[in-house]
Amino acid sequence: MTMIRHELKMNRISFIVWTCSISFLLIICIFLFPEMKGEMDSVSDLFASMGSFTEAFGMDKVNFGTLSGFYAVECGNIMGLGGAFFAAMLAVSALSKEEKEHTAEFLLTHPKSRFSIITEKLIAVMIQILLLNMIAWALGIASIAIIGEEIPMKEITLMHGAYLFLQLELAGICFGLSAFLRKGSIGIGLGVAIILYFCNIIANISDSASFLNKITPFGYADGAQIVSEGSLDILLIALGLIYGVVGIIIGYIKYIKKDIQ
């Protein structure tokens, strides 16, 4: 528990900044909806005529005139990308920072096994991701109530659940990568998130590349798809969680045997 508290304390500024930033943008988008609601029919027609661009972001699957459709596209991009960046940055530096900041020799002299150190660091990462998503979900629901719109509780909860799974998968993959890194690593984490994001865009545009949805977590965290179908793709989520677990297992194996500098 000491390591968990230490990790949470060390990352508190980053956590607060990311949580406040994502939540603020989420709230602003929701507050803009009443002002834009009357113009959404023309906006939907405009997007519907934009061909591949419309398909790339799933805007052909939802009605912008409804809160759930608006939330899926506008707020979904904030939660999807913002949450993915946060999870990737947090996880990819969890193990590598000890060597980068030259604190490994101090940490590893304590009477704790490497297994317990890795486990507590992983738990700290998961706690921060879970807290960010709980706060964003609660503020999103509260903001909808404030503007006086009917809350599409099922759709909102499904979307936020998908974003949570997305972030957990990315965290697992990047946590595994962290065990192989010795110096700067944030750029690698962001790179992984961006590559997977564009894989989803390519899969949406091209039918021949639809297999990419089985690789990228953004495939099952597509807000427009969730709203149009009213459910999550359990198969893709299960695949994603397997990728994350494999990443974590590889991280354990590598770090336990690693020659720490």
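Scope of the values below: all heavy atoms of this structure, side chains included, with no hydrogens, waters or symmetry mates. Remember, predicted model here, so these are calculated numbers, not experimental data.
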Minimum heavy-atom distance Ala84-Leu170, with the two atoms named: CB-CD1, 3.4 Å
All heavy atoms of Leu168 vs all of Met126, minimum pair found to be CD2-SD, 3.3 Å
Are the side chains of Ile201 and Phe198 in contact, using a 4.5 Å heavy-atom criterion? yes
Do Lys121 and Leu95 touch side chain to side chain, with heavy atoms closer than 4.5 Å? yes
Does any part of the side chain of His160, heavy atoms only, come nearer than 4.5 Å to the side chain of Leu164, both counted from C-beta? no
Are any side-chain N or O atoms of Asn133 and backbone N or O atoms of Ile129, one a donor and one an acceptor, separated by less than 3.5 Å? yes
Can you say whether the rings of Trp18 and Phe85 are parallel (under 30°), tilted (30 to 60°) or perpendicular (over 60°)? perpendicular
Under the 3.5 angstrom rule, does the side chain of Lys254 hit a backbone N or O of Phe180 as a donor-acceptor pair? no
Is there a donor-acceptor pair closer than 3.5 Å between any side-chain N or O of Ser116 and the backbone N or O of Ser113? yes
Hydrophobic cluster membership, Leu81 vs Leu26, 4.5 Å side-chain cutoff: yes
What distance separates Ile144 CD1 from Phe31 CZ, expressed to the nearest 0.5 Å? 10.5 Å
Yes or no on side-chain contact (heavy atoms from CB on, under 4.5 Å) for Leu232 and Tyr220, after CA distance, side-chain angles and deciding distance? CA-CA 7 Å; Leu232 298 178; Tyr220 60 75; over 6 Å; no
Do the side chains of Ile151 and Met134 join up, straight or via other hydrophobic residues, at under 4.5 Å, putting them in one cluster? yes
When you compare the side chains of Tyr71 and Glu149, does any donor N or O come within less than 3.5 Å of an acceptor on the partner? no
Main-chain N/O of Val17 paired to Ser21 side chain as donor or acceptor, under 3.5 Å: yes
Within the structure provided, determine whether Glu120 and Glu7 are in side-chain contact (heavy-atom separation under 4.5 Å). no
When you look at Gln128 and Leu8, which way does the side-chain contact (heavy atoms from CB on, under 4.5 Å) test go after all the steps? CA-CA 8 Å; Gln128 291 172 82; Leu8 294 177; 3.6 Å; yes
